[in-house]
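Here the structure comes first, spelled out in structure tokens, and everything after it is commentary.
These figures come from a predicted structure and were not determined experimentally. Counting starts at 1 for both ligands and their atoms, in listed order. Atoms considered below: every heavy atom in the structure, side chains included; atoms not considered: hydrogens, waters and symmetry mates.
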Amino acid sequence: TGSSRPQRLLKAVQRNAAKGDPQSVISAIDYFCRHSEWAMNVGDEKGSILDSVVSEVSPTTALELGTYCGYSTVRIARLLPPGASLITLEFNPDYAAVARQVIAHSGLQDKIHLVEGPSGDSIPKLKERFGITSLDFVFLDHWKDRYVPDTKLLEECGLLRKGSVLLADNVICPGAPEYLDYVRNNPRYESRYFQSHLEYTNVEDGLEKSVFLG
Ligand SMILES: Nc1ncc2ncn(CCCCCNC(=O)c3cc(-c4ccc(F)cc4)cc(O)c3O)c2n1
Ligand SMILES: [Mg+2]
């Protein structure tokens, strides 16, 4: 049988990006998605907003829900301060296999822990597995109907502290209405919407940034 879209995206990275150069990996994926095949990476426009939030938070411990091909994984990891690390959860083993190779090409593998499996299973094990006490930054980009249950799970597991920042992709398209309700009407969060567009299109989408108040 033929290759998959993630496998074709990986080939484009291996052909067009310089090994050990995260920015060239990001540019190669954006070029592939604009000129060859659309793929559900956060993309360059929303990616710039992601970059500014990560740079502002400068997290020591970061979590990403939904790795896919590793595009946002590389975007986040390239901005982490020395000694900081990013844990990324991916449900689909085929996506995870591609992401590992994209991450390796970027040279950032020492800053990244990719965990395969459903987020609902992995989140309760993060403290014991990685020796973390809390998360400084969380990027939500997995199943949109898992944003609320997993946010509640992060709270229940004591993984959020006063000032932890959640940034959620796709709150307009495909949409996460229950999540917007949850964080915008919850006194324990201070939320702000960053308007943008669905990756590689001019369809409206945006990111919701929510600070946990403890
Ligand atoms: N529980 C658990 N734990 C861990 C996990 N890891 C992965 N998953 C499963 C998630 C599968 C991918 C999620 N992402 C999206 O669905 C997504 C879609 C679009 C989109 C698509 C078509 C359109 F026409 C318009 C927009 C755009 C985006 O930016 C998206 O991020 C997990 N689940
Ligand atoms: Mg997304």
Side-chain angles (χ1 to χ4, degrees), residues 4-10 26 29-30 32-34 36-51 53-54 62-77 86-103 112-126 129-130 135 137-157 159 166-180 182-183 193-210:
S4 70
R5 181 169 307 185
Q7 285 169 328
R8 293 190 293 274
L9 180 151
L10 171 60
I26 292 163
I29 293 172
D30 286 332
F32 174 81
C33 291
R34 281 196 183 285
S36 302
E37 301 182 61
W38 185 93
M40 60 183 171
N41 316 116
V42 74
D44 45 358
E45 190 181 314
K46 289 187 289 179
S48 297
I49 300 166
L50 171 62
D51 288 356
V53 175
V54 172
L63 174 68
E64 175 181 58
L65 304 179
T67 314
Y68 188 42
C69 296
Y71 174 90
S72 48
T73 318
V74 168
R75 278 203 90 110
I76 295 165
L86 169 64
I87 301 162
T88 183
L89 309 185
E90 179 49 56
F91 176 79
N92 180 315
D94 299 324
Y95 294 172
V98 165
R100 288 188 198 284
Q101 294 173 82
V102 167
I103 291 162
I112 296 162
H113 301 287
L114 198 164
V115 179
E116 291 185 37
S119 52
D121 297 351
S122 303
I123 288 170
K125 300 172 183 166
L126 292 178
R129 184 159 179 183
F130 295 101
L135 296 164
F137 177 78
V138 183
F139 183 52
L140 296 90
D141 194 22
H142 61 334
W143 267 324
K144 311 315 161 192
D145 60 9
R146 288 292 315 178
Y147 284 18
V148 173
D150 284 348
T151 299
K152 289 179 174 172
L153 191 54
L154 289 168
E155 291 171 21
E156 287 152 15
C157 294
L159 282 162
L166 306 185
L167 188 67
D169 190 25
N170 311 117
V171 294
I172 303 300
C173 178
E178 303 86 356
Y179 179 76
L180 288 181
Y182 182 71
V183 290
Y193 175 62
F194 291 81
Q195 182 168 30
S196 185
H197 295 94
L198 177 69
E199 48 268 28
Y200 318 114
T201 78
N202 52 25
V203 171
E204 185 182 344
D205 190 19
L207 301 169
E208 187 81 1
K209 177 191 174 191
S210 306

Of all heavy-atom pairs linking D205 and V171, the shortest is OD1-N, 3.5 Å

Do you know the tightest heavy-atom contact between P124 and S119? CD-O, 4.3 Å

Any residue meeting side chain to side chain donor-acceptor pair (under 3.5 Å) with E45, in chain and number order, not counting sequence neighbours: S196, H197

How does N170 reach ligand 1, if at all, at less than 4.0 Å between non-hydrogen atoms: by side chain, backbone, both, or neither? side chain

Atom 6 (N) of ligand 1: which protein heavy atom is closest, and how many Å away? F91 N, 3.0 Å

Compute whether any side-chain donor of one residue and acceptor of the other, for D30 and Y200, lie under 3.5 angstrom apart. yes

For Y179 and Y147, take the angle between the two ring planes, folded into 0 to 90°, and tell me which bin it lands in: parallel under 30, tilted 30 to 60, perpendicular over 60. perpendicular

Go through ligand 1 atom by atom and flag the ones less than 4.0 Å from a non-hydrogen atom of G66. 6 (N)

Report yes if N92 has an N/O atom closer than 3.5 Å to an N/O atom of ligand 1; otherwise report no. no

Are I123 and C157 packed together at the side-chain level, in the sense that at least one heavy-atom pair is separated by less than 4.5 angstrom? yes

When you look for heavy atoms under 4.0 Å from ligand 1, do you find them on the side chain of R146, its backbone, both, or neither? side chain

One residue to check: L198. Relative to ligand 1, which of side chain, backbone, both or neither has a non-hydrogen atom less than 4.0 Å away? side chain

May I ask you to list the atoms of ligand 1 that are less than 4.0 angstrom from any heavy atom of E90? 6 (N), 7 (C)

Donor-acceptor pair, K144 side chain versus H142 backbone, under 3.5 Å? yes

For atom 18 (C) of ligand 1, what is the nearest protein heavy atom, given as residue, atom name and distance? P174 CG, 3.7 Å

Minimal non-hydrogen separation, G120 against L153, with atom names: O-CD2, 3.7 Å

Any protein heavy atom under 4.0 Å from atom 14 (N) of ligand 1? yes

Please answer whether the main-chain N or O of G206 pairs with a side-chain N or O of Q195 as donor and acceptor at a distance below 3.5 Å. no

Under a 4.5 Å cut-off applied to non-hydrogen side-chain atoms, are F194 and K46 in contact? no

Which value, rounded to the nearest 0.5 Å, describes the distance between T88 atom OG1 and E116 atom CD? 11.0 Å

Using 4.0 Å as the upper bound for N to carboxylate O, is an ion pair formed by R75 and E64? no

Using a 4.0 Å cut-off to any heavy atom of P118, which atoms of ligand 1 qualify? 3 (N)

Less than 6.0 Å separating the ring centroids of H113 and F130? yes

List-wise, which protein N, O or S atoms are found short of 2.8 Å from the Mg ion (ligand 2)? D141 OD1, D169 OD2, N170 OD1

Shortest protein contact, atom 23 (C) of ligand 1 (heavy atom only): W38 CH2, 4.4 Å

For ligand 1, the portion of D169 having any non-hydrogen atom under 4.0 Å away: side chain

Would you say Y95 and T67 make side-chain contact, with heavy atoms under 4.5 Å? no

Tell me, which protein residue and heavy-atom name are nearest atom 12 (C) of ligand 1, and how many Å apart are they? M40 CE, 3.6 Å

Closer than 4.0 Å to some heavy atom of E199 - which atoms of ligand 1 meet that? 27 (C), 28 (C), 29 (O)

Among all the protein's non-hydrogen atoms, which is closest to atom 33 (N) of ligand 1, and how far away is it? W143 CE3, 3.3 Å

Considering the options L89, I76, L159, L140, which one meets the side chain to side chain contact (heavy atoms under 4.5 Å, CB included) requirement together with L63? L89

Of the listed options (D121, L65, D141), which comes nearest to atom 31 (O) of ligand 1 when hydrogens are ignored and any heavy atom counts? D141

Relative to the heavy atoms of K144, which atoms of ligand 1 are at a distance of less than 4.0 Å? 14 (N), 15 (C), 16 (O), 17 (C), 30 (C), 31 (O)

Per-atom contacts of ligand 1 with S119, taking only distances under 4.0 Å to non-hydrogen atoms: 1 (N), 2 (C), 3 (N), 4 (C)

